[in-house]
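Residue numbers start from 1 in every chain, and the chains themselves are labelled A, B, ... in the order their sequence lines are given, proteins ahead of strands. The figures that follow rest on heavy atoms only: side chains count, while hydrogens, waters and symmetry mates do not. Treat the numbers as computed from the prediction; the structure is a model and nothing was measured.
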Number of protein chains: 2
Amino acid sequence: MEKVDKIFQNKELNPNVSVDCVIFGFDFEKLNVLLIDRGSNVGPRLALPGNLIYNSENLNQAGSRVLDELTGLKNIYLEQVGAFGDPDRINNKSDQEWLKSIRAEPTARVITVAYFSLVKMADYLPQASSFAKTAEWVSVNEITELAFDHIDILNAAKGKLKEKIKTQPIGFNLLPEKFTLSQLHRLYESILEKPLDKRNFRRKIQKLDIVTSIKEKQRGVPHKPSQLFIFNQEKYQLLTETGFDNFGF
Amino acid sequence: MEKVDKIFQNKELNPNVSVDCVIFGFDFEKLNVLLIDRGSNVGPRLALPGNLIYNSENLNQAGSRVLDELTGLKNIYLEQVGAFGDPDRINNKSDQEWLKSIRAEPTARVITVAYFSLVKMADYLPQASSFAKTAEWVSVNEITELAFDHIDILNAAKGKLKEKIKTQPIGFNLLPEKFTLSQLHRLYESILEKPLDKRNFRRKIQKLDIVTSIKEKQRGVPHKPSQLFIFNQEKYQLLTETGFDNFGF
DNA sequence: TTACTTTGTGTCATTTTAACACTTTCAAAT
DNA sequence: ATTTGAAAGTGTTAAAATGACACAAAGTAA
């Protein structure tokens with residue numbers, strides 16, 4: 001047992017493997033990603049949150065840990081996107097300098113395992129935070145460059161989210177418990193990056209019967225107040241048991 | 001430049017990162033996977049082909065290399081499944097022994113990046129090979145255990161293939177250039193693991209117009225000879241340009 | 001009271017899907 | 001030469017899903 005611990009160098013950072021997280025949030029208008037601001041004396045200012053893994057933790061744990069360390073959030077929807085790591089992914093001098101500044105060890109060849117997670121934006125408001133690293137929500141459509149190969153990772157994560165939301169009811173992780181059908185509608189349009197007919201969307205969701213209307217409406221809005229709904233996990237379970245496969249988007 | 005080489009330890013094996021390949025083949029009846037036979041003095045006899053990566057190669061290259069080293073095949077359809085690597089994935093003593101026997105270095109914590117590839121079975125017939133490692137085609141349905149966490153990797157690869165074939169015409173990589181619609185039909189049934197109505201399947205494929213009949217039929221079969229077809233890459237391109245999204249399976 | 005904004009609702013034509021059975025064509029056996 | 005066996009190939013119909021489309025209702029703010 002001692003021997004195994006020694007072999008695996010538990011409790012130690014693995015210098016060759018990191019995780020990066022694409023943390024998605026939805027502001028009822030568009031999709032956002034939580035990015036680290038590295039300051040102005042490096043190449044691209046913004047980067048995905050990430051870190052080396054410990055030899056004692058598995059990859060999912062490492063992903064959760066990075067998310068937790070940045071936001072304090074636990075039990076968040078998290079899914080692996082894949083592994084990235086061209087030998088030349090650290091492609092400019094300032095990126096290398098920055099890496100050295102945040103890591104004890106010299107930079108070896110690193111492959112990174114990317115995750116995406118879905119959080120309710122209200123659960124993490126950067127300005128209210130007192131963590132050392134400064135993070136900020138950035139609209140995905142406004143991101144044109146990121147550190148290292150993070151733009152590739154972001155694009156892969158967007159693609160994965162797009163595919164996944166066609167088959168699984170994961171979008172609700174981005175919404176508060178109570179939401180309107182219009183919010184859900186805009187969420188799907190944001191992720192799928194295409195317009196969906198309002199009436200057809202509502203018909204489809206309500207036919208599937210995975211949302212339940214509650215005895216409560218929006219208040220204080222300067223227009224007709226919207227009916228609020230909650231996601232119905234039990235009904236969704238029933239659906240899957242009858243061979244439900246995808247949402248047909 | 002010298003300095004960068006030194007930092008990355010090019011030409012050297014990275015002790016912490018490996019690739020494993022799930023190599024699929026189709027025998028016109030069912031789906032098969034090419035597995036390494038490790039002999040009888042270890043735990044599970046069979047394992048996925050895999051190896052540590054070189055620091056000088058990227059992950060896709062490492063996947064191609066493993067495939068090439070085993071089969072001699074190049075330019076094969078290859079796609080990443082994801083990264084695997086619980087700290088305890090080397091879960092029994094004989095697996096550890098085996099690893100030591102094939103690797104120079106002592107076994108560290110290894111994370112592995114899994115790939116799946118699609119090959120024409122006729123292009124690799126194990127018995128005709130003279131490579132040191134013995135490999136064999138095994139029906140996916142008959143695989144109940146594998147070395148390490150390879151059964152998890154296999155299942156993930158099967159799932160990925162299942163999803164992918166619903167949206168991309170990758171199945172043709174498993175068939176010879178000339179094939180019959182019945183062969184294509186059985187291929188889809190094998191991968192999707194569900195029966196598909198013959199007439200509806202043929203109608204769908206022919207409506208999409210991605211296969212072209214050639215002036216040639218099956219010969220020497222003891223029944224009505226089947227029309228042969230080839231995959232039509234150009235027609236498929238046109239389809240995608242008109243917003244084609246999936247095959248609807 | 002008016003203006004403004006967003007919610008919420010139904011129909012119809014078209015397309016897609018699922019279910020289903022019999023004839024044809026060849027090789028092999030008699 | 002005839003029979004047998006085995007897979008290929010083909011069309012219709014009913015049901016379901018999709019896509020296109022417009023206007024009244026309900027609230028706040030001015």
Query raised in the report: Are any of the side-chain nitrogens in K160(A) or E163(A) under 4.0 Å away from the carboxylate oxygens of its partner?
Result: no

Report summary line: For I76(B) and L118(B), the nearest pair of non-hydrogen atoms, with its separation, is CG2-O, 3.5 Å

Please tabulate, one pair per line, all N/O donor-acceptor pairs under 3.5 Å involving side-chain atoms of residues 188-196 of chain A, not counting sequence neighbours.
unit_1, atom_1, unit_2, atom_2, d
E189(A), OE2, H185(A), NE2, 3.3
E189(A), OE2, L196(A), N, 2.7
S190(A), OG, E29(A), O, 3.4
S190(A), OG, R186(A), O, 2.8
E193(A), OE1, K162(A), NZ, 2.9

Query raised in the report: Which letter, B, S or -, goes with each nucleotide of nucleotides 20-30 of chain D from 5' to 3', with contact meaning a protein heavy atom under 4.0 Å?
Result: BBB--BBBS--

Counting only pairs under 3.5 Å, give me each side-chain donor-acceptor contact of residues 210-224 of chain A, with atom names and distances, residues two or more places apart or in other chains.
unit_1, atom_1, unit_2, atom_2, d
T212(A), OG1, N232(A), ND2, 2.9
E216(A), OE1, K178(A), NZ, 2.9
Q218(A), OE1, S226(A), N, 3.2

Query raised in the report: Which is true for S182(A) with a 4.0 Å heavy-atom rule: it touches a base, it touches only sugar-phosphate, or it touches nothing?
Result: sugar-phosphate

**Report entry** Positions of residues 240-249 of chain B (non-hydrogen atom under 4.0 Å from DNA chain D), listed by number
**Finding:** none

Requested in this report: Return the set of residues passing ring pair (Phe, Tyr, Trp, His ring centres under 6.0 Å) with F172(B) (not counting sequence neighbours), or none when no residue passes.
Outcome: F179(B), F231(B)

Query raised in the report: Under the ring pair (Phe, Tyr, Trp, His ring centres under 6.0 Å) test, which residues partner F247(A), sequence neighbours left out?
Result: F244(A)

Query raised in the report: Just checking Q227(B): base, sugar-phosphate only, or nothing, at a heavy-atom cut-off of under 4.0 Å?
Result: sugar-phosphate

Query raised in the report: For dG9(D), does either OP1 or OP2 sit under 4.0 Å from a side-chain N or O belonging to S226(B)?
Result: yes

Query raised in the report: Can you tell me if the side-chain N/O atoms of K204(A) get under 4.0 Å from OP1 or OP2 in dA17(D)?
Result: no

